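Bear in mind the structure is a predicted one, so any value in this text is a computation, not a measurement.
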Amino acid sequence: MAGSPWAGRLGLNVDALRAVEGVPDAPAPRPESSAAPLPPVFEGLGPHADAVAVAVAVLGPEAPLGDTAALAQLSLPATLAAVDVLTAAGVLVNRVPLSFREPDTAETVLGGLPVGARITVRLRAAELLRALPGAAERTADQLVRIGSVGLDWAADALCAASAQALDRGDWRAAAEYLRHALAEPMPVAERVAHTQQLAAMLTDTDPLAALTCLLRELRREDTVVEVTATTGLLRRLATRLPGTQDALRLFDEAADRLHLHDPPAAIRLQLTRAGFALFRPGGTTRLSRLADWLAEADLADPPARRGLAAVRACLAALREPRAGDAVELATAVLAEADPRHEWDACWLALSALLLAGDDAATERASRELEAALPVEGAETQRFGCELARAYSLRRQGNLRGTMSTLDSLLAGCAAYGLARDHPIVATAAANLAEALVHTGALRRAEQVLAEYRLDGELRDTAASMCVLRGRGAVAAANGDLDAALTAQLDCGRHVTGWAELNAEFLPWRFEAVRTLLRADRHDEAQALAEADQTAAEAWGTPRALGFATYARALTSNGPQRIALLTEAASLLATAGAALAEARARHDLAQTLRQAGSPAEAEPHLARARELAAHCGAILGAPAPADRPVLTPQERRIARRVARGHTNAQIADELTLARRTVEFHLSSVYRKLGITGRRDLAAWSGPELD
C-alpha cells in the first residue's frame, strides 16, 4: 500500500486487516493461461481492479477481504491496492467487508464476462468457499448460478446447504438446493433418498412439482426396486393434486411406472387417487378410466378385485337410475375388505353408499369401519368415517347430531395437525357453517367460514362443492342474494360436471330457486325448477323428486301450489329428509291460511314445528336472536308488500328510489327467514304490526 497514491486518503492498514481477518497473503497470480479471462471493465484503474471487481461481484454484498483476494488470485497487499483505487473511483464503498456503491454494479461487471469466464470464476468461488466452515449455503449459491457442473463434490455441497437451510427454517431454499443436487452425479440409493426428501418438502405447497420430481425418478432405468417410500409420497400427493388434465396424466404415468416395480402398490395408489378425485368435476370420468385400468391389471389379487368392485359401486351411485347396484356392490366390499390394509377400497364403498342415498347404511358402515381401524396411525381414515356420518345425519335433517359430529371432527383434525385447507377439514367446516345457518346461528356460521379461510379465493379441491354450498347458505341468510346465487350456481356447475345422473346428493337447484324467488326473478326460478324436475325424474328417488316438486311448488300459485307442496312433503317424508319436510309443511300451512283454510293448515303447521324441533332448526320464525329486528322503514315497506303493492308503487308512496325499496325488502326477507313476497303476504308474526 505504501506505493498507492490513495493509501493516505483511505487509511487502510494492511497489517491490521490481515490480523483481523486472519488471512495470510494470497499466492501470486497463476500464469495467465490458467486464469479466467477477465475483461477490462474499468479501464485505467490499474492491473488488478478488474479481478477484484469480478471477485466482489461473484461473492456478493459484504464480500470478505480474504475471500476476495483468494478468488482474484492476488496477494493481500495487491488486493488492497486495487480496493484503494476502486474506492477512490466510487465503485466500492470505503469499508471492509467489501461491497459495491451501486447494487447493480455486480450485474454490469458479470455481464461483461463471456459465459465461460462467468462459469469458471463461480466454480473457483465454490471451490474456495466449500473449504470454509459454515459456508455451505454460500458455496451452494455459486453452484446454483452455474447449473449442473458434473463434479463429484457438487452434490454433497448442495445437500449440505439444503440441510443448513432447513436448520434455519427456510424450506424453500432447502428445496432449491436439493433440486440442484439431484442434477449432479450421486449414488443411486442417495439419489432416491434425496428425491423422496425433496418431494416430501413440496407435497403441501407445490404438489405438481413433487409429483414431477418422483416421476422423474421412476422413469430412470436404474431406480431401486424398493419403492415403498415413493409410493407413500404418491399416495399423499393423491389428496393434494389439482384436477387438471396435466396432473392426471402425470399421476397415471407414475402409477404405470410404479406398476412395473410393485403392481399391488400401484393399484392401491390408483384407488387412493380415485377416492380423493371422486367429489370433483370429472370424478365420474376418472372412475371410468380407473375401472378400465384395473380391468387390464392383474386382478388375481383379491384386494384388487374388491377395489374394482368399489369403483363400480361408485359409478353406479353416480350414473345409474336409483343408484342401480351401488348399495349391493358396496356392501359386499365392506363385508370382505379389511380396512386396515384395504382402506382405499373401503372408502370408495362407503362413498358409494353415501352417494346412493342410503343414510342408514352409510351411518352403520362408517361406525363399523371406524371400529375396525387401529387405535393409532389411522387418524385421517377415522376422520373420513366421521365426515361421512355427519353428512348422512345432515341429509336426515339431524342438525344437532351433524354439528356435534363436525365439531368433534374439526377438534380432532386440529389436534392431529391437519392443515385448514385439507379437503377433510374444509369439507367439515363448510358443512358446519351450512348447518349453523339452519339453526339461526348466523354469526357463528360466518366465523367458521372466516376461521377456515373458506370465504376467499376458492381452489379446485374435493371440498369445493361443500364450500360453495356453505357460502351460499350464509350469503342467503345475510340477504346478499347476488353472492348467494353465484355460490349456488357455481356449486351446481361442480355437481353437474361430476355426477352424470345423480340428482339427489346435493339439492343445489332447489336452493338456487329459493334465492331467485327472493330476488323477484320468477321466470328464471321457474325454468330452473323445471330443469330440476327433469333431472329428478331421470334419477327417480323420493328425495330427488321431493326437492324438485318442492321447487316447482314455490314457483306456482293457488291450488297447484297446494297440491305440489302436499306431494313434496309426502316424498320428503318417504326419503327421511326431516328438515326439508318440515319446511315444505310450513310453506303448505302458510299457503292454506292464505287460501282461507286455517283448519286444514293447522295439522301441517304442527307437524312442521315438531319436525323442526326434532332437527334443531328455526322454521319461518323471527330473525335469530343475534340479528336485529325490522327497522321502521323495513316495516313500512313490508306492510305494503304484504298488501300486494309492487316495488314501483311503494317507491312512489314513500318517495324512495326503487333500488332502495329492493334493498330494504331483501333485508326483510333475511331477517324474517322467508323466501319471497308470497311468504310475506302470509306472515302472521308481530314484526309487521
**Prompt:** Would a 4.5 Å heavy-atom cut-off, applied to side chains only, mark D480 and D482 as touching?
**Reply:** yes
**Item:** Non-hydrogen side-chain atoms of W508 and L468 separated by less than 4.5 Å
**Value:** no
**Prompt:** When you measure from the side chain of R394 to the backbone N and O of M403, does any donor-acceptor pair fall under 3.5 Å?
**Reply:** no
**Prompt:** Looking only at heavy atoms, which two atoms of L278 and S351 are closest? And how far apart?
**Reply:** CD2-CB, 3.4 Å
**Prompt:** Taking N502 for the side chain and A317 for the main chain, is one N or O donor matched with an acceptor at less than 3.5 Å?
**Reply:** yes
**Where P339 and A337 come nearest, the two heavy atoms and their spacing** = CD-O, 3.4 Å
**A345 versus G307, closest heavy-atom pair with distance** = CB-CA, 4.0 Å
**Prompt:** Rounded to the nearest 0.5 Å, how far does CG of D490 lie from CG of L485?
**Reply:** 9.5 Å
**Prompt:** Roughly how far apart are T272 OG1 and L348 CG, rounded to 0.5 Å?
**Reply:** 8.5 Å
**Request:** Please check if atom NE2 in H645 has more than 12 non-hydrogen atoms from other residues, nucleotides or ligands closer than 6.0 Å.
**Result:** yes
**Asked** Do the side-chain N and O atoms of Q633 and R636 include a donor-acceptor pair separated by under 3.5 angstrom?
**Response** yes
**Asked** Can you check whether L665 reaches I650 side chain to side chain, under 4.5 Å on heavy atoms?
**Response** no
**Asked** So, are E610 and R607 salt-bridged, with charged N and O less than 4.0 Å apart?
**Response** yes
**Complete:** P321 and A538 have their tightest heavy-atom pair at CB-O, 3.8 Å
**Request:** Using atom types as modelled and distance alone, determine if a side-chain donor or acceptor of S392 lies under 3.5 Å from a backbone N or O of R389.
**Result:** yes
**Asked** So which heavy atom on V467 is nearest to which on A426, and how close?
**Response** CG2-O, 4.3 Å
**Prompt:** Would you say V333 and L329 make side-chain contact, with heavy atoms under 4.5 Å?
**Reply:** no
**Prompt:** Out of curiosity, Y550 OH to R514 CZ, how far, rounded to the nearest 0.5 Å?
**Reply:** 5.5 Å
**Item:** Distance-only donor-acceptor check, side chains R561 and T591, under 3.5 Å
**Value:** yes
**Prompt:** Does T380 offer a backbone N or O that forms a donor-acceptor pair with the side chain of Y416 under 3.5 Å?
**Reply:** no
**Item:** Any donor-acceptor N/O pair, H586 side chain to R609 backbone, under 3.5 Å
**Value:** no
**Item:** Any donor-acceptor N/O pair, R471 side chain to A483 backbone, under 3.5 Å
**Value:** no
**Asked** When you check the side-chain N and O atoms of E434 and H438, is any donor under 3.5 Å from an acceptor?
**Response** yes
**Request:** Quickly, which of L588, L592, T549 forms a side-chain contact (heavy atoms from CB on, under 4.5 Å) with L565? Name it, please.
**Result:** L588
**Asked** Is the backbone of S404 close enough, under 3.5 Å, to the side chain of S408 for a donor and an acceptor to pair up by distance?
**Response** no
**Item:** Closest heavy-atom pair and its distance - E446, V474
**Value:** CG-CG1, 3.7 Å
**Item:** Check against side chain to side chain contact (heavy atoms under 4.5 Å, CB included), L564 and L554
**Value:** CA-CA 9 Å; L564 289 172; L554 294 177; over 6 Å; no
**Heavy-atom check, side chain of L579 versus side chain of L611, under 4.5 Å** = no
**Asked** Given Y452 and L410, is the side chain to side chain contact (heavy atoms under 4.5 Å, CB included) satisfied, shown in steps?
**Response** CA-CA 10 Å; Y452 290 90; L410 289 169; 3.7 Å; yes
**Message:** Quick check against the 3.5 Å criterion: does R322 have a side-chain atom that pairs as donor or acceptor with the backbone of G540?
**Reply:** yes
**Prompt:** Side chain of N431, backbone of T427: donor and acceptor closer than 3.5 Å?
**Reply:** yes
**Short N-O contact, E581 and R585, less than 4.0 angstrom** = yes
**Request:** Check the pair T439, I618 against side chain to side chain contact (heavy atoms under 4.5 Å, CB included), reporting the backbone distance first and the verdict last.
**Result:** CA-CA 5 Å; T439 67; I618 60 167; 5.9 Å; no
**Message:** Return the SG to CZ distance between C413 and R382, rounded to the nearest 0.5 Å.
**Reply:** 12.0 Å
**Item:** Pair D520 + R677: basic N to acidic O under 4.0 Å
**Value:** yes
**Asked** So W498 and F505, would you call those rings parallel, tilted or perpendicular, with 30° and 60° as cut-offs?
**Response** perpendicular
**Request:** Assess whether atom CZ of R453 is packed by more than 12 heavy atoms of other residues, nucleotides or ligands within 6.0 Å.
**Result:** no
**Donor-acceptor contact below 3.5 Å, side chain E328 vs main chain D325** = no
**Asked** Got Q526 and H522 here, is their nearest side-chain heavy-atom distance under 4.5 Å?
**Response** yes
**Prompt:** Is the closest side-chain heavy-atom distance between L442 and L436 below 4.5 Å?
**Reply:** no
**Distance (rounded to the nearest 0.5 Å) between L315 CG and T285 OG1** = 9.5 Å
**Under-4.0 Å salt bridge between R509 and E530** = no
**Asked** Rounded to the nearest 0.5 Å, how far apart are CG of L387 and OG of S366?
**Response** 10.0 Å
**Asked** Do E537 and Q533 get their side chains close enough for a donor-acceptor pair, meaning under 3.5 Å?
**Response** yes
**Asked** Charged N to carboxylate O under 4.0 angstrom, R395 versus E504?
**Response** yes
**Item:** Test side chain to side chain contact (heavy atoms under 4.5 Å, CB included) applied to F279 and L355, step by step
**Value:** CA-CA 10 Å; F279 296 95; L355 293 168; 3.9 Å; yes
**Prompt:** Taking side chain as C-beta onward, heavy atoms only, is L350 less than 4.5 Å from W347?
**Reply:** yes
**Request:** Applying salt bridge (Lys or Arg N to Asp or Glu O under 4.0 Å), run through E363 and R367 and close with a yes or a no.
**Result:** CA-CA 6 Å; E363 190 172 354; R367 293 186 185 280; 3.5 Å; yes
